[in-house]
S.K.: 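If you scroll down you'll find the structure; I have some questions about it.
Values below: all heavy atoms of this structure, side chains included; hydrogens, waters and symmetry mates excluded. If you read the sequence from its start, that first residue is 1, and numbering goes on from there.
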Amino acid sequence: MEFMECVENRRSVRKYKADKPEEGVFEKIVQAASYAPSWKNSQTVRYIVVEADSVKNEIAERCVMDFEYNQKTIQNAPAIILVTTIASRSGYERDGSFSTGKGTHWESFDAGIATGILCLAAHEQGLGTVVMGIFDEEKVRQVAGIPDGQKLSAMVAVGYPEEQPAMPKRKGVEELLSIVK
């Protein structure tokens, strides 16, 4: 699949077939995400794949702040990927001070870049994804066993799409782009 075709055709998928992703596919998409740029090459993003129905259901029932769309999506997805970052490295100097006025923002920035690449790589493998940001981090940490020292940035539902959602209206380049000469 060509790059622009992959970008233009990827959608946020919330309905999945029951089939589990093929053996080795998570390794392939995480390998692609590992090439994402990061603050001073800190490479702090980590991935936890949850396939166990009992854990997914507990996350859906207890950890998404009663947000019905996330509950249904998680329960329907064959897997979710918890995207975490190693805390207090991205955006920091060795002495623990922030390098810029953005503070901890760089952790989320790095996780966002890596998650975008992860979703495109999943699409290339025939999988659908949706990034979810409404959750109680501490509850997810307890249910999924996220290691100490890691922060949960996003949850990504993943599986073979049951349907291909229509593309939402996109803003034109003329609205999005400014060039300073």
Side-chain angles (χ1 to χ4, degrees), residues 3 6-7 10 12 21 24-52 54-67 69-71 73-74 77 79-125 127 129-158 171 176-181:
F3 176 74
C6 188
V7 171
R10 193 216 68 82
S12 292
V25 75
F26 291 119
E27 289 81 356
K28 287 179 183 177
I29 63 177
V30 168
Q31 177 67 46
S34 76
Y35 289 99
S38 62
W39 174 267
K40 293 187 177 183
N41 197 32
S42 56
Q43 301 180 51
T44 63
V45 181
R46 301 293 185 269
Y47 311 89
I48 300 168
V49 175
V50 178
E51 293 182 301
S54 60
V55 177
K56 286 190 305 144
N57 287 334
E58 190 170 353
I59 289 171
E61 292 167 13
R62 291 189 45 224
C63 305
V64 295
M65 303 160 69
D66 296 324
F67 187 60
Y69 288 113
N70 283 1
Q71 289 173 325
T73 300
I74 292 168
I80 58 172
I81 300 173
L82 307 178
V83 180
T84 70
T85 57
I86 306 237
S88 302
R89 285 199 196 154
S90 184
Y92 291 84
E93 294 300 323
R94 292 191 185 274
D95 67 4
S97 65
F98 290 119
S99 298
T100 73
K102 295 290 183 188
T104 61
H105 171 73
W106 286 106
E107 292 173 354
S108 295
F109 191 82
D110 287 354
I113 296 170
T115 301
I117 293 172
L118 178 104
C119 290
L120 290 171
H123 178 63
E124 182 186 46
Q125 295 294 316
L127 297 169
T129 57
V130 65
V131 179
M132 298 172 286
I134 299 175
F135 52 79
D136 181 315
E137 180 174 358
E138 193 51 42
K139 287 182 180 177
V140 177
R141 171 181 300 291
Q142 293 168 1
V143 171
I146 295 173
D148 290 340
Q150 292 185 27
K151 293 181 180 179
L152 179 61
S153 295
M155 298 190 303
V156 181
V158 61
K171 294 180 180 174
L176 300 172
L177 177 65
S178 299
I179 299 176
V180 177
K181 292 185 178 189

S.K.: When you measure from the side chain of Arg141 to the backbone N and O of Pro147, does any donor-acceptor pair fall under 3.5 Å?
M.R.: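 Between the backbone of Pro147 and the side chain of Arg141 there is a qualifying donor-acceptor contact (under 3.5 Å).
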S.K.: Any side-chain heavy-atom pair from Lys102 and Trp39 closer than 4.5 angstrom?
M.R.: no
S.K.: For the atom pair CD (Glu137) and CD (Gln150), what is the distance rounded to the nearest 0.5 Å?
M.R.: 10.5 Å
S.K.: If you look at every heavy atom in Cys63 and Val143, which pair is closest and at what distance?
M.R.: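 Heavy atoms only, the tightest pair is SG-CG2, 3.8 Å.
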S.K.: With side chains defined as the heavy atoms from C-beta onward, is the minimum distance between Ile113 and Pro37 less than 4.5 Å?
M.R.: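 A side-chain contact exists here, since the closest heavy-atom pair is under 4.5 Å.
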S.K.: Would the distance check show the side chain of Asp110 and the main-chain N or O of Thr44 forming a donor-acceptor pair, the cut-off being under 3.5 Å?
M.R.: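 It does not hold such a pair.
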S.K.: Determine the sole option in Leu82, Val140, Asn70 for which the side chain to side chain contact (heavy atoms under 4.5 Å, CB included) test with Phe135 is passed.
M.R.: Val140
S.K.: Return the CZ to CD distance between Phe26 and Gln125, rounded to the nearest 0.5 Å.
M.R.: 11.0 Å
S.K.: Under 3.5 Å, is there a donor-acceptor pair between the side chain of Ser34 and the main chain of Gln31?
M.R.: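 Such a contact is found between Ser34 side chain and Gln31 backbone.
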S.K.: Any side-chain heavy atom of Val156 sitting closer than 4.5 Å to one from Cys119?
M.R.: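 In contact.
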S.K.: Would you call Lys40-Glu93 a salt bridge at under 4.0 Å N-O?
M.R.: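 Looking at Lys40 and Glu93, the cut-off is met.
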S.K.: With a 4.5 Å cut-off on side-chain heavy atoms, are Val64 and Met132 touching?
M.R.: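 Side chain of Met132 against side chain of Val64, heavy atoms only: no contact under 4.5 Å found.
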S.K.: Within the 4.5 Å heavy-atom criterion, are Thr129 and Val131 side-chain neighbours or not?
M.R.: no
S.K.: Is a donor from one side chain sitting under 3.5 angstrom from an acceptor on the other, for Thr100 and Trp106?
M.R.: yes
S.K.: Let me confirm one number: the OG1-CD distance from Thr84 to Glu107, rounded to the nearest 0.5 Å.
M.R.: 10.5 Å
S.K.: Could you measure the distance from the CG atom of Asn57 to the CD atom of Gln71? Nearest 0.5 Å is fine.
M.R.: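 Output value for this atom pair is 10.5 Å.
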S.K.: Taking Thr73 for its side chain and Tyr69 for its backbone only, find out whether a donor-acceptor pair lies under 3.5 Å.
M.R.: yes
S.K.: Is the number of heavy atoms from other residues, nucleotides or ligands within 6.0 Å of CZ (Phe109) greater than 12?
M.R.: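 No, CZ of Phe109 has 12 or fewer neighbouring heavy atoms, counting only those of other groups under 6.0 Å.
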S.K.: Distance-only, no hydrogens or angles: does the Lys56 side chain make a donor-acceptor pair with backbone N or O of Ala77 under 3.5 Å?
M.R.: yes
S.K.: Kindly determine whether Ile29 and Ile81 satisfy side chain to side chain contact (heavy atoms under 4.5 Å, CB included), including the steps that lead there.
M.R.: CA-CA 11 Å; Ile29 63 177; Ile81 300 173; 4.0 Å; yes
S.K.: Could you tell me the separation between the NZ atom of Lys151 and the CD1 atom of Ile146, rounded to the nearest 0.5 Å?
M.R.: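 Lys151 atom NZ to Ile146 atom CD1 measures 12.5 Å (nearest 0.5 Å).
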S.K.: Can you name the closest pair of heavy atoms from Ile80 and Ala157 and give their distance?
M.R.: CG2-CA, 3.9 Å
S.K.: Closest heavy-atom contact between Val49 and Ala79?
M.R.: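 Shortest heavy-atom contact: CG1-CB, 4.3 Å.
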S.K.: Any heavy-atom pair between the side chains of Thr85 and Ser90 that's under 4.5 Å?
M.R.: no
S.K.: How long is the straight-line distance from CD1 of Ile74 back to CD of Glu61, given to the nearest 0.5 Å?
M.R.: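 Interatomic distance, Glu61 CD to Ile74 CD1, rounded to 0.5 Å: 10.5 Å.
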S.K.: Heavy-atom count around Asp95 CG within 6.0 Å, excluding the residue itself: above 12?
M.R.: yes
